[in-house]
Asker: 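Take this structure, written in structure tokens, and hold onto it; I'll ask about it next.
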Amino acid sequence: MDVMTAVLTRRSRQTLNEPAPGDAEFAYLLGGAAAAPDHGSLRPWRWILLRGEDRKTLGESLASEAPPEQRDRIAGKALRAPLMAALVFRPVAGHKVPEWEQMAAASSVAYGLMLLLHSRGYGSIWRTGRMCESGAAHELLGLTPTERLLGSLDIGTADGGEPPARRRTGDLADHVSTFASRPVPV
Ligand SMILES: Cc1cc2nc3c(=O)[nH]c(=O)nc-3n(C[C@H](O)[C@H](O)[C@H](O)COP(=O)(O)O)c2cc1C
């Protein structure tokens with residue numbers, strides 16, 4: 001699959017089943033994704049892989065912070081894919097590369113990984129939500145006080161049906177301009 005095809009056909013997939021890549025295949029794909037632009041080569045990120053019962057433990061941890069009537073629904077969210085890859089942002093403090101650039105580098109790795117997964121036939125979706133702000137999840141996952149959860153990639157295999165059609169084929173004229181056509185202040 002060429003890069004343009006991968007970019008244009010990747011879609012976030014809500015329903016994901018086995019198989020998901022094993023640890024070795026994940027490491028291989030991450031090796032590609034880690035080649036993303038990274039100012040200062042800081043690698044300000046790490047991934048925590050959760051499968052099987054580990055996802056259940058995380059779901060229960062998230063649910064423990066919710067009102068009782070929401071707990072089952074929230075716990076179930078951690079079981080939507082066979083592999084959850086939690087993305088931990090760990091900025092290098094005080095570095096001349098500012099934190100926002102480091103976060104941009106971490107995001108680039110996540111997107112590259114999604115594209116590589118797609119090119120191998122796997123589906124994924126980047127999920128954020130409650131997990132990112134959850135003290136219980138941070139503790140369970142062993143994050144240090146300076147680390148931050150940027151959500152997780154749900155990873156697996158989408159059902160055999162056609163992926164949802166591309167939506168972002170619209171007019172991008174408002175999103176790019178030439179220097180000569182810039183608005184001139186009056
Ligand atoms: C940082 C980030 C966080 C996201 N969080 C969620 C989320 O919590 N739940 C969700 O359903 N999708 C989430 N998404 C996926 C977007 O909804 C999805 O990418 C968008 O709808 C476009 O769809 P596509 O990826 O199929 O092109 C997130 C995407 C990004 C980049």
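Atoms within each ligand, like the ligands themselves, are counted from 1 in listed order.
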Asker: With heavy atoms only and a cut-off of under 4.0 Å, state how Ile125 meets ligand 1: side chain, backbone, both or neither.
Answerer: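 The answer is the side chain of Ile125.
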Asker: Given side chains that start at C-beta, do those of Met103 and Leu150 come closer than 4.5 Å, heavy atoms only?
Answerer: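 Side chain of Met103 against side chain of Leu150, heavy atoms only: contact under 4.5 Å found.
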Asker: So that I can tick it off, tell me whether Asp154 and Arg13 are bridged by a salt bridge, with the cut-off set at under 4.0 angstrom between side-chain N and carboxylate O.
Answerer: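 Looking at Asp154 together with Arg13, the answer is no, because their closest N to O distance does not fall below 4.0 Å.
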Asker: Atoms of ligand 1 less than 4.0 Å from Gln14 heavy atoms?
Answerer: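 Near Gln14, the atoms of ligand 1 are 11 (O).
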Asker: Should the pair Arg130-Glu65 be classified as a salt bridge under the 4.0 Å nitrogen-to-oxygen rule?
Answerer: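 Salt bridge between Arg130 and Glu65, a charged N being under 4.0 Å from a carboxylate O: no.
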Asker: Is it true that the NZ or CZ of Arg182 lies under 6.0 Å from the centre of Phe179's six-membered ring and within 45 degrees of the ring axis?
Answerer: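 Geometry flag: set, cation within 6.0 Å and 45°.
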Asker: Take every heavy atom of Arg13, measure it against each atom of ligand 1, and state whether any distance is under 4.0 Å.
Answerer: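 Checking ligand 1 against Arg13, which is what was asked, there is no heavy-atom contact under 4.0 Å.
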Asker: Check ligand 1 against Arg11 and write out every atom of the ligand that is under 4.0 Å from a heavy-atom position of the residue.
Answerer: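 In order of numbering, the contacting atoms are 23 (O), 24 (P), 26 (O), 27 (O).
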